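Notes to accompany the following structure.
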Amino acid sequence: MSKPVAFLSSSVGRKMLMALSGLFLCSFLLVHLYINLFLFKQDQGAEFEMYGHFMATYPLIRPLEIGLFAGFLLHGVIGIWLWIMNRRARPVRYSVSRAGDNSTLSSRIMWATGTVVGIFLVIHVNGFFVQSRFITPERPMFEIVREAFTNPWLVAFYLIALAFLAYHLKHGFQSAFQTFGLRYSRYERLIEFVGMLFWLLVPLGFAAMPLYFLWAY
Amino acid sequence: MNFTLKIWRQKNRTDKGKLVTYAVSNIPPDASFLEVLDVLNGDLVRKGEEPVAFDHDCREGICGSCGIMIEGRAHGPNRKAATCELRMRSFPDGDTLTVEPWRARPFPVIKDLVVDRSAFDRIMQAGGYVSVKTGQAPDANAIPVPKHHAEEAMDAAACIGCGACVATCPNGSAMLFVAAKVSQLALLPQGHAERKERVERMLAQMDAEGFGSCSNTYACEAECPKQVSVQHIARLNREFVRATAL
Ligand code: HEM
Ligand code: SF4
Ligand code: FES
């Protein structure tokens, strides 16, 4: 067997694709958060708009967008596939289960938290990205954001979805490093610390935006 | 002590099986769980009924045969213990306990609480060995082994192949078992000759048997009677990358 075939045909290889795509999506979250922080600048969205314009017109961004889309697709498809295979590994279930005694809830429901995040993403991308890129490209993004986040129902939906994202990342971030075999090394403490900052602060940072708009406008 | 036991009864591989309720009484608190099954079986035989089939051998926590799911926990609620080491004083008097066989597609039930664990044997046959020439024992210092490698290899070698990791894993994954074997041999010089083939072959056999994949819930480590650590799974993952990607 050639090496790439051996890698991909093993369940461990597929797990590594899961971890790779997961961390790639995490890196995207950081970039996304960084740009969105300009929404807080008291300039009626001028600098935020500049970044938006850059994203919409700079040619190198296109392949990145396609890569990001592929990353989401890969992560979601392999995730659900692994989950189905794992269900099949136990066709007869226990009549008494005390799973809570030996594992965390967040680690056991990754398929569910991931699916909620996935559904949220479809709505989110449709509401902002598709609107501003294809439907009303002349409208400033800042306007679209303000309109969306002054709707309390939509804000509530965003907050709930972000809570699911946080829960997905609570297990996912450190899990990816275990998958790469990097935990239980000299980096263990660092991974745990960064992981905690990540799963708490990133969703909180995103949650601050709808809350801010609801409060300020 | 008195207990109500709801035990999985299944005549053979094809029988559907069901939970049957039994009462056991006058159990000394220091009796092991297997001894309670012995008492129950004595009663059943006297009544002319079929005794409950269960696996056991050493009854001192070293053979790994006594795998039973007790009230939703592999080998019962205690950590670091096989079912034979579980004493009835761990339960409140009058408790009702549901007793089930290991559940996983690669571990089909043969009868009652006995499952076929030969999938583990086939994984071992796929690569859990070293090709060394027999002959005189080599000089003790001829092959230097760092102390921490020897210690970690011993920790991995403590695995008794009981299958509790599979039974308790939400995914029915055998990663802790396979990791213990791969890690033990990867840490020692004797294992280096087949290092790459071993991890590939054992993992391929694991997948072929129908075990699930690891999602790092760490339930296996919590239930392992020998406390094999999931750090061996991390090492297995590194060995896999070394064999297939580097
Ligand atoms: C921003 C979006 C997302 C991020 C940042 C993210 C991140 C991660 C990370 C880092 C992992 C850990 C990988 C590992 O255990 O090695 C993971 C696992 C997982 N993700 Fe996501 N994810 C996202 C969206 C999704 C979506 C949309 C789904 C869709 C179903 C999903 C399903 C899963 C599943 C099932 C796992 C567990 C895989 C396993 O442990 O076997 N995720 N995710
Ligand atoms: S790793 Fe632990 S739980 Fe799994 S088979 Fe070995 S001894 Fe049993
Ligand atoms: S009977 Fe041998 S480990 Fe329990």
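Lettering of chains follows the sequences in order, A, B, ..., and the numbering in each one begins at 1. All of these numbers come straight from a predicted model, not from anything done at the bench. All heavy atoms count here, side chains included; hydrogens, waters and symmetry mates do not.
Residues A:Val12 and B:Ser213 fail the side-chain proximity criterion, which asks for heavy atoms closer than 4.5 Å. Counting heavy atoms from C-beta on, the side chains of B:Asn216 and A:Gln174 never come closer than 4.5 Å.
Heavy atoms closer than 4.5 Å to chain A are found nowhere in B:Pro77, neither backbone nor side chain. Residue contact with chain A, scored on non-hydrogen atoms closer than 4.5 Å, involves the side chain of B:Glu223 exclusively. Within the 4.5 angstrom heavy-atom criterion, no atom of B:Cys220 approaches chain A. A:Met16 touches chain B through its side chain: at least one heavy atom from C-beta onward sits under 4.5 Å away, while N, CA, C and O do not. Both the backbone and the side chain of B:Tyr218 have a heavy atom closer than 4.5 Å to some heavy atom of chain A. Using a 4.5 Å cut-off between heavy atoms, A:Ser97 contacts chain B through its backbone alone, with no side-chain atom that close. If you measure heavy-atom distances from A:Phe177 to chain B, you find no contacts under 4.5 Å at all.
Note that OG of B:Ser215 is 6.5 Å distant from CG of A:Asn86, once rounded to the nearest 0.5 Å. Atom CZ of residue B:Phe211 and atom CE of residue A:Met85 lie 13.5 Å apart, to the nearest 0.5 angstrom. To the nearest 0.5 Å, atom CD of residue A:Gln178 and atom CD of residue B:Gln231 are 9.5 Å apart. The distance from atom NZ of A:Lys3 to atom CG of B:Leu246, rounded to the nearest 0.5 Å, is 7.0 Å. One finds the CD1 atom of A:Ile109 at 13.0 Å from the OG1 atom of B:Thr217 (value rounded to the nearest 0.5 Å).
Judged purely by atom type and a 3.5 angstrom limit, A:Arg90 uses its side chain to pair as donor or acceptor with the backbone of B:Ala167. Distance alone, capped at 3.5 Å, places no donor-acceptor pair between the A:Tyr184 side chain and the B:Val230 backbone. Not a single donor-acceptor pair under 3.5 Å links the side chain of A:Tyr94 to the backbone N or O of B:Glu100. In terms of modelled atom types and a separation under 3.5 Å, the side chain of B:Arg238 and the main chain of A:Gly181 share a donor-acceptor contact.
In A:Arg186, the CZ atom is not crowded: 12 or fewer heavy atoms of neighbouring residues, nucleotides or ligands sit closer than 6.0 Å. The 12-atom threshold is exceeded at OH of A:Tyr212, counting heavy atoms of other residues, nucleotides or ligands nearer than 6.0 Å. Heavy atoms from other residues, nucleotides or ligands lying under 6.0 Å from OH of B:Tyr129 number more than 12. Crowding of A:Arg133 atom CZ: a count of heavy atoms from other residues, nucleotides or ligands under 6.0 Å exceeding 12. Counted within 6.0 Å of NE2 on A:His32, heavy atoms from surrounding residues, nucleotides or ligands total more than 12; the atom is thus considered enclosed. Enclosure of atom CZ in A:Phe129 by more than 12 non-hydrogen atoms of other residues, nucleotides or ligands within 6.0 angstrom is indicated. Atom CZ of A:Phe164 sits in a sparse spot, with 12 or fewer heavy atoms from other residues, nucleotides or ligands closer than 6.0 Å.
Closest heavy-atom contact between B:Pro106 and A:Ala89: CD-O, 4.1 Å. The shortest heavy-atom contact between B:Arg103 and A:Arg93 is NE-O, 4.0 Å. Closest heavy-atom contact between A:Arg88 and B:Arg105: O-NE, 3.3 Å. When all heavy atoms are compared, the tightest approach of B:Ala104 to A:Pro91 is C-CD, 4.5 Å.
Counting heavy-atom pairs closer than 4.5 Å to chain A, the top residue among B:Asn171, B:Leu203, B:Val241 is B:Asn171. Ranking B:Ala243, B:Ala234, B:Cys214 against chain A, the residue ahead of the rest is B:Ala234, based on heavy-atom pairs under 4.5 Å. Taking chain B as the reference chain and counting heavy-atom pairs below 4.5 Å, the highest number among A:Thr179, A:Leu182, A:Thr104 is found for A:Thr179.
A side-chain donor-acceptor contact under 3.5 Å links B:Thr168 and A:Asn102.
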Under the side chain to side chain contact (heavy atoms under 4.5 Å, CB included) criterion, do B:Met175 and A:Ser11 qualify, and how do the steps go? CA-CA 10 Å; B:Met175 281 287 274; A:Ser11 62; 5.6 Å; no
Trace of the side chain to side chain contact (heavy atoms under 4.5 Å, CB included) decision for B:Asp207 with A:Ser10: CA-CA 7 Å; B:Asp207 286 343; A:Ser10 169; 3.9 Å; yes
Let's go through B:Thr98 and A:Ser95 carefully: what are the C-alpha distance in whole Å and the side-chain angles of both, what is the deciding distance for side chain to side chain contact (heavy atoms under 4.5 Å, CB included) to 0.1 Å, and is it a yes or a no? CA-CA 8 Å; B:Thr98 307; A:Ser95 53; 3.7 Å; yes
